[in-house]
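To start, the structure under review is shown below, and the notes come after it.
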Amino acid sequence: MILGKMNITSLGNKIKNEDISFLNRDVAEKVKGFHSSFPQYSQTPLVELKNLSEHLGINNMFIKDESYRFDLNAFKVLGASFAVGNFIANKLDIDIAKLPYSVMTSDEVKAKLGDLTFVTATDGNHGRGLAWTANQLGQKSKVFMPKGTAIERVENIRKENSDVDVYDANYDECVRMANDYANTHGGIMVQDTSWDGYEDIPRWIMQGYMTMANEAYEQLNSSGQRPTHIFLQAGVGSLASAVTGFFANVYSDNIPTIVIVEPEKANCLYQTAKADDGKIHNVDGDLDTIMAGLACGEPVTIGWPILNSYASYFLSVDEIYASHGMRLLGNPKKDDKRVISGESGAVTSGVVSKLMTDSELADIKNEIGLDENSVVLVFSTEGDTDKKMYRDIVWDGRYPSY
């Protein structure tokens, strides 16, 4: 019997007419070209979990392990760096294709730019990615973090010479505080949340995330596999929208079943999909989920139309799916490769596992269409970015997973 909740909603057979051309393969190749100019760049692993797949009763399961990304233990730097790159390219009136890492970090570019301060709100990974990028450029960063933030995540940002503080506010409130600060102090707001008048940088962030999706696509092709199902975790939904748009483009002849997963305590996309009334539905309160990277109550406005058109299902889940996924990936079956995945990174793997093994979830499993023929793709978006929490859960049994 399951201890946690799982609720599902579907938008039905929507007309797939939202413009996703800015997330196509040509753009993804340009983005990857930018990222591959970084000396820290290397393709992160796509791990094939053959033995787990056999145990679960599916054809195959692949997980993209982003704990190796730029030695920052999470994927978020992809979006932050590409957004900063585009900002600089626009400011200098040059094509970003002519702005590789070596040029972007040069004294010549620094002299043309002057002193800049990049500003953001974060639960950890995005802020670290932005602070790292600013530090590489010899620029400043100002980072706002919500209450309950892990000390390790704060310190990792501070190590990048960032002005970072934790505030008595939730994530969405920190976004507003950061934007007010940027407007007052002449800073550059770099946020994946969008609103009227603030859409270019969130769009660039979404495009930056395509490097991860593009790599996975190429790795799948080299193995002769094609996913039938893609499970994507969501905070504001920028990652989910970017990956959904990319795969809807490259697999336009037969789009995989795309399932969006959110914590029950911060399920703004689920609530928006459930209402299906043409309006965005926010979630407020403390948003106190262990999935800190997904603790967002306001959907990204430029991303929602993509999910509305191309995502198949939205799941709202309890904490046990994250803790179960962390244990599952950290303790592999037979010779499957071990994946160290944090709370936000592991939840989709936990969901797939529970769907295939818990009889009480059979109706949801059947609705989604998971069976012995399914090839599943998931993304572990972070490693153990809060090592104490990781050990508390995986070693010491904090948060049940059965």
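Remark: Asp95 engages Lys30 in a salt bridge, criterion side-chain N to carboxylate O under 4.0 Å. Between Arg25 and Glu29 a salt bridge is recorded (basic side-chain N to carboxylate O distance below 4.0 Å). Under a 4.0 Å N-O distance rule, the pair Lys387/Glu152 qualifies as a salt bridge. A salt bridge links Glu215 with Arg69: at least one charged nitrogen is closer than 4.0 Å to a carboxylate oxygen. Using a 4.0 Å cut-off between a side-chain N of Lys or Arg and a carboxylate O of Asp or Glu, Glu218 and Lys32 qualify as a salt bridge.
For Ser344, the side chain to side chain donor-acceptor pair (under 3.5 Å) criterion is met by no residue, not counting sequence neighbours. Evaluation of the ring pair (Phe, Tyr, Trp, His ring centres under 6.0 Å) rule for Tyr251 yields Tyr217, Phe247 as partners, not counting sequence neighbours. Every residue meeting the ring pair (Phe, Tyr, Trp, His ring centres under 6.0 Å) condition with Tyr167, not counting sequence neighbours, appears here in chain and number order: Phe144. Considering only residues two or more places apart in sequence or on other chains, His281 meets the side chain to side chain donor-acceptor pair (under 3.5 Å) condition with Asp277. With sequence neighbours excluded, no residue satisfies side chain to side chain donor-acceptor pair (under 3.5 Å) with Asp180. Residues satisfying the side chain to side chain donor-acceptor pair (under 3.5 Å) criterion with Thr301, sequence neighbours excluded, are Ser194. With sequence neighbours left out, the salt bridge (charged side-chain N to carboxylate O under 4.0 Å, His left out) criterion links Lys112 to Glu108. Partners of Tyr101 according to the ring pair (Phe, Tyr, Trp, His ring centres under 6.0 Å) rule, which considers only residues two or more places apart in sequence or in another chain, are Phe38. When the salt bridge (charged side-chain N to carboxylate O under 4.0 Å, His left out) test is applied to Lys274, no partner is found at least two apart in sequence or on another chain.
The shortest side-chain heavy-atom distance between Lys365 and Ile368 does not fall under the 4.5 Å cut-off.
The heavy-atom pair separating Leu307 from Leu11 by the smallest distance is O-CD1, 4.1 Å. Arg128 and Asp71 get closest at one heavy-atom pair: NH2-O, 4.2 Å. Across every non-hydrogen atom of Ser10 and Glu367, the tightest pair is CB-OE2, 4.3 Å. Across Ile258 and Ile260, no two heavy atoms sit closer than the pair CG2-CD1, 4.0 Å. Closest heavy-atom contact between Pro227 and Leu220: CD-CD1, 3.8 Å.
To the nearest 0.5 Å, atom OG1 of residue Thr272 and atom CG of residue Asn308 are 9.5 Å apart. For the atom pair OG1 (Thr120) and CG (Asn179), the distance works out to 10.5 Å, reported to the nearest 0.5 Å.
Applying the 6.0 Å contact sphere to NZ of Lys16 captures more than 12 heavy atoms from other residues, nucleotides or ligands.
Applying the salt bridge (charged side-chain N to carboxylate O under 4.0 Å, His left out) test to pairs two or more places apart or on separate chains, those with a residue in residues 161-172 are Lys142-Asp163, Lys142-Asp165, Lys147-Asp168. The salt bridge (charged side-chain N to carboxylate O under 4.0 Å, His left out) contacts involving residues 326-351 comprise Arg153-Glu343, where partners must be two or more places apart or lie in separate chains.
For Tyr198 (side chain) and Met189 (main-chain N/O), a donor-acceptor pair under 3.5 Å exists by modelled atom type. Between the Glu173 side chain and the Asn170 main chain, a donor and an acceptor come within less than 3.5 Å of each other. Using a distance-only test at 3.5 Å, with no hydrogens or angles considered, no donor-acceptor pair links the side chain of Tyr171 to the main chain of Glu298. The closest donor-acceptor contact from the side chain of Ser323 to the backbone of Pro400 lies under 3.5 Å. With hydrogens and angles disregarded, a donor-acceptor distance shorter than 3.5 Å links the side chain of Glu262 to the backbone of Tyr270. Side chain of Asn24 to backbone of Ser21: a donor-acceptor contact under 3.5 angstrom is found. When atom types are taken as modelled, the side chain of Asp65 and the backbone of Ser67 share a donor-acceptor pair closer than 3.5 angstrom. Side chain of Gln207 to main chain of Val27: no donor-acceptor pair is present (N/O by atom type, distance under 3.5 Å, no hydrogens or angles). Between the Lys140 side chain and the Ala134 main chain, no donor and acceptor come within less than 3.5 Å of each other. Between the side chain of His185 and the main chain of Tyr181, a donor-acceptor pair closer than 3.5 Å is present.
With a 6.0 Å cutoff to the six-membered ring centre and a 45° limit on the axis angle, Arg203 counts as a cation-pi contact of Phe22.
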Evaluation steps, side chain to side chain donor-acceptor pair (under 3.5 Å), between Ser380 and Lys64: CA-CA 6 Å; Ser380 176; Lys64 183 72 165 156; over 6 Å; no
Residue pair Asp386, Asp384: steps toward the side chain to side chain contact (heavy atoms under 4.5 Å, CB included) verdict: CA-CA 5 Å; Asp386 180 355; Asp384 52 348; over 6 Å; no
Please tabulate, for the side chains in residues 76-84, all donor-acceptor contacts under 3.5 angstrom to protein atoms that are two or more places apart in sequence or on a different chain.
from  : atom 1 : to     : atom 2 : distance (Å)
Lys76 : NZ     : Asp192 : OD2    : 3.1
Lys76 : NZ     : Tyr209 : OH     : 3.4
Ser81 : OG     : His35  : NE2    : 3.2
Ser81 : OG     : Val77  : O      : 2.7
Ser81 : OG     : Leu78  : O      : 3.3

